Protein chains: 2
Amino acid sequence: MEGHNTKLSKQRELVLQIVRSTKMHPTAEDVYYKAKKTMPRISMGTVYRNLRLLSKMGRIKEINFPDSPTRFDGDMRDHYHIRCSECGRIEDISHFSPRAAVDEIEKLTMYQIHTVHIKYEGICPECQKKSKIS
Amino acid sequence: MEGHNTKLSKQRELVLQIVRSTKMHPTAEDVYYKAKKTMPRISMGTVYRNLRLLSKMGRIKEINFPDSPTRFDGDMRDHYHIRCSECGRIEDISHFSPRAAVDEIEKLTMYQIHTVHIKYEGICPECQKKSKIS
DNA sequence: TTAATAATAGGAACTATTACTAATTTACTC
DNA sequence: GAGTAAATTAGTAATAGTTCCTATTATTAA
């Protein structure tokens with residue numbers, strides 16, 4: 001996997017810059033239309049491929065909420081997200097650790113929270129064994 | 001929205017029972033094939049529609065991880081999920097509050113955790129206003 | 001029992017995403 | 001710098017997951 005200093009193709013650079021320069025948590029489509037303003041011939045496939053790669057490179061984050069397309073976030077600092085189940089907007093939550101009580105987050109954001117999703121991702125014991133062997 | 005005591009159609013009842021009777025966090029497809037064993041003529045559309053409805057009724061939960069189809073969980077008790085990024089399996093985490101340190105969860109599960117997703121869902125201030133007016 | 005309502009099976013349609021391919025760009029070597 | 005290999009692209013076709021549509025069937029209420 002390429003490091004943070006690897007030179008990126010023009011298209012990849014543009015995609016990264018677009019995702020980084022907004023707090024709107026854009027979808028792939030959003031990124032595509034913004035990119036077209038600078039590079040009218042860029043293709044959707046290129047946008048998707050680069051979003052995927054940048055995400056694997058650890059330079060942007062994917063945000064998946066149910067029933068909506070994947071969104072992307074260029075802010076790699078530790079923070080969480082809150083979505084309005086009515087209008088679908090996604091906003092950042094900062095300055096609070098995951099330990100913050102839901103009450104506190106409600107006060108901070110003025111949202112009426114009804115669901116908390118907490119998910120961990122990692123490598124399970126069996127797969128850890130497998131990768132040691134191979 | 002119907003309550004917990006509303007009588008469900010046979011198909012809806014079956015879908016609910018299948019999701020409840022496993023800890024495998026099945027996909028819609030999984031549910032469909034299990035359902036066919038009891039009701040060979042049940043259709044995919046029916047399975048999807050009922051999963052969606054049951055989820056909206058608050059009788060089952062949806063689990064969305066990136067790059068994989070939606071999974072369903074009939075266990076409505078407070079608990080969290082952990083996915084292996086290698087093999088994709090999803091397991092439950094119980095007995096720990098969201099406050100549990102990642103370290104503790106690693107010890108408990110033997111996973112090597114590399115990502116924590118925390119998401120809140122609720123209704124934003126603007127939408128709260130809107131629903132008061134209408 | 002009839003009329004209204006809800007739910008179904010089956011299949012078509014849709015949306016988000018990925019895969020394919022020929023052409024282009026970039027990087028590497030002499 | 002020219003030649004060659006490797007990476008990336010644009011454009012398009014294909015796919016997977018999910019939702020929608022329609023005619024039919026089941027359920028409920030009067």
Side-chain angles (χ1 to χ4, degrees), chain A residues 1-3 5-19 24-57 59-73 83 88 90, chain B residues 1-3 5-19 24-57 59-73 83 88 90:
Chain A
M1 187 68 66
E2 298 126 12
N5 300 319
T6 315
K7 190 162 178 247
L8 306 175
S9 71
K10 272 183 224 153
Q11 290 86 341
R12 195 163 300 161
E13 191 62 60
L14 178 59
V15 167
L16 175 58
Q17 186 244 305
I18 287 170
V19 175
M24 298 303 289
H25 310 94
T27 63
E29 210 192 358
D30 295 336
V31 174
Y32 173 62
Y33 285 113
K34 275 204 189 172
K36 283 195 90 150
K37 288 183 186 167
T38 311
M39 292 186 65
R41 307 208 50 184
I42 198 169
S43 74
M44 202 65 183
T46 297
V47 171
Y48 269 105
R49 180 165 24 76
N50 284 314
L51 287 169
R52 205 188 324 133
L53 286 171
L54 289 166
S55 171
K56 285 201 180 141
M57 289 162 79
R59 304 193 67 171
I60 64 176
K61 266 190 281 195
E62 288 184 39
I63 313 173
N64 280 76
F65 274 97
D67 309 315
S68 78
T70 299
R71 290 163 171 280
F72 297 88
D73 188 350
R83 177 173 72 159
I90 292 178
Chain B
M1 188 68 69
E2 298 125 11
N5 300 317
T6 315
K7 192 162 177 244
L8 306 176
S9 72
K10 273 183 224 154
Q11 289 87 342
R12 195 162 301 162
E13 189 64 58
L14 178 60
V15 166
L16 175 58
Q17 186 244 304
I18 287 169
V19 175
M24 300 302 289
H25 310 94
T27 63
E29 209 191 358
D30 295 336
V31 174
Y32 174 62
Y33 285 113
K34 274 204 189 172
K36 282 193 91 148
K37 289 183 187 167
T38 312
M39 291 185 63
R41 310 209 49 187
I42 198 169
S43 73
M44 203 64 182
T46 297
V47 169
Y48 269 105
R49 180 164 23 77
N50 284 314
L51 286 169
R52 204 187 327 132
L53 286 171
L54 289 165
S55 171
K56 285 203 180 140
M57 288 163 79
R59 306 194 62 171
I60 65 177
K61 267 190 281 197
E62 286 184 41
I63 313 174
N64 280 76
F65 274 97
D67 308 315
S68 77
T70 300
R71 291 166 171 277
F72 297 89
D73 188 350
R83 177 172 73 159
I90 292 178

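What you see below is based on every heavy atom in this structure, not just the backbone, and it leaves out hydrogens, waters and symmetry mates. Worth saying up front: this structure is predicted, and the values here are computed from it rather than measured. Every chain is numbered from 1, with letters handed out A, B, ... down the list of sequences.
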**Study point:** Out of C:dT8, C:dA9, D:dA10, whichever nucleotide has its closest atom nearest the side chain of B:Arg12
**Key:**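 Among the listed nucleotides, the one closest to the side chain of B:Arg12 is C:dT8.
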
Point to revise | Divergence of helical axes at both termini of the helix from C:dT1-D:dA30 to C:dC30-D:dG1 - five pairs an end, 10° steps | key: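 Inter-axis angle at the termini of the helix from C:dT1-D:dA30 to C:dC30-D:dG1: 30°.
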
Could you tell me the separation between the [atom1] atom of [X] and the [atom2] atom of [N], rounded to a whole number of Å?
X	N	atom1	atom2	answer
A:Phe65	C:dA16	CZ	P	17 Å
B:Leu14	C:dA7	CG	C1'	15 Å
A:Tyr32	C:dT17	OH	P	15 Å
A:Leu8	C:dT26	CG	P	13 Å
A:Met39	D:dT8	CE	C1'	11 Å
B:Leu16	C:dA7	CG	P	15 Å
A:Leu53	C:dT17	CG	C1'	14 Å
A:Lys10	C:dT25	NZ	C1'	8 Å

Under-4.0 Å side-chain N/O to phosphate OP1/OP2 contact, [X] with [N]:
X	N	result
B:Ser9	C:dT8	yes
A:Gln11	D:dA10	yes
A:Asn50	D:dT8	no

**Study point:** Pairing residues for A:Thr38 by the side chain to side chain contact (heavy atoms under 4.5 Å, CB included) criterion, not counting sequence neighbours
**Key:**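 With sequence neighbours excluded, A:Thr38 shows a side chain to side chain contact (heavy atoms under 4.5 Å, CB included) to A:Leu14, given in chain and number order.
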
**Study point:** Sequence-distant partners of B:Ser68, side chain to side chain contact (heavy atoms under 4.5 Å, CB included), two or more places apart
**Key:**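 Applying side chain to side chain contact (heavy atoms under 4.5 Å, CB included) to B:Ser68 gives B:Phe65, B:Arg83.
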
Point to revise | Heavy-atom side-chain contact between A:Leu8 and A:Leu16 under 4.5 Å | key: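 Yes, their side chains come closer than 4.5 Å.
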
[X]: which residues meet the side-chain hydrogen bond (donor to acceptor under 3.5 Å, both in side chains) condition with it, sequence neighbours left out?
X	answer
A:Arg71	none
A:Lys36	A:Tyr32
B:Thr46	B:Ser43, B:Arg49
B:Asp30	B:Thr27

Check your understanding: Is the count of non-hydrogen atoms from other residues, nucleotides or ligands lying under 6.0 Å from A:Met44 atom CE greater than 12?
Key ->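 Correct, the count exceeds 12.
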
Review point. What one-letter contact string describes nucleotides 12-24 of chain D from 5' to 3', where B marks a base within less than 4.0 Å of any protein heavy atom, S marks contact via sugar-phosphate atoms alone, and - marks no contact?
Key: -----SBB-----

Review point. Under the side-chain contact (heavy atoms from CB on, under 4.5 Å) criterion, do A:Val19 and A:Leu54 qualify, and how do the steps go?
Key: CA-CA 10 Å; A:Val19 175; A:Leu54 289 166; over 6 Å; no

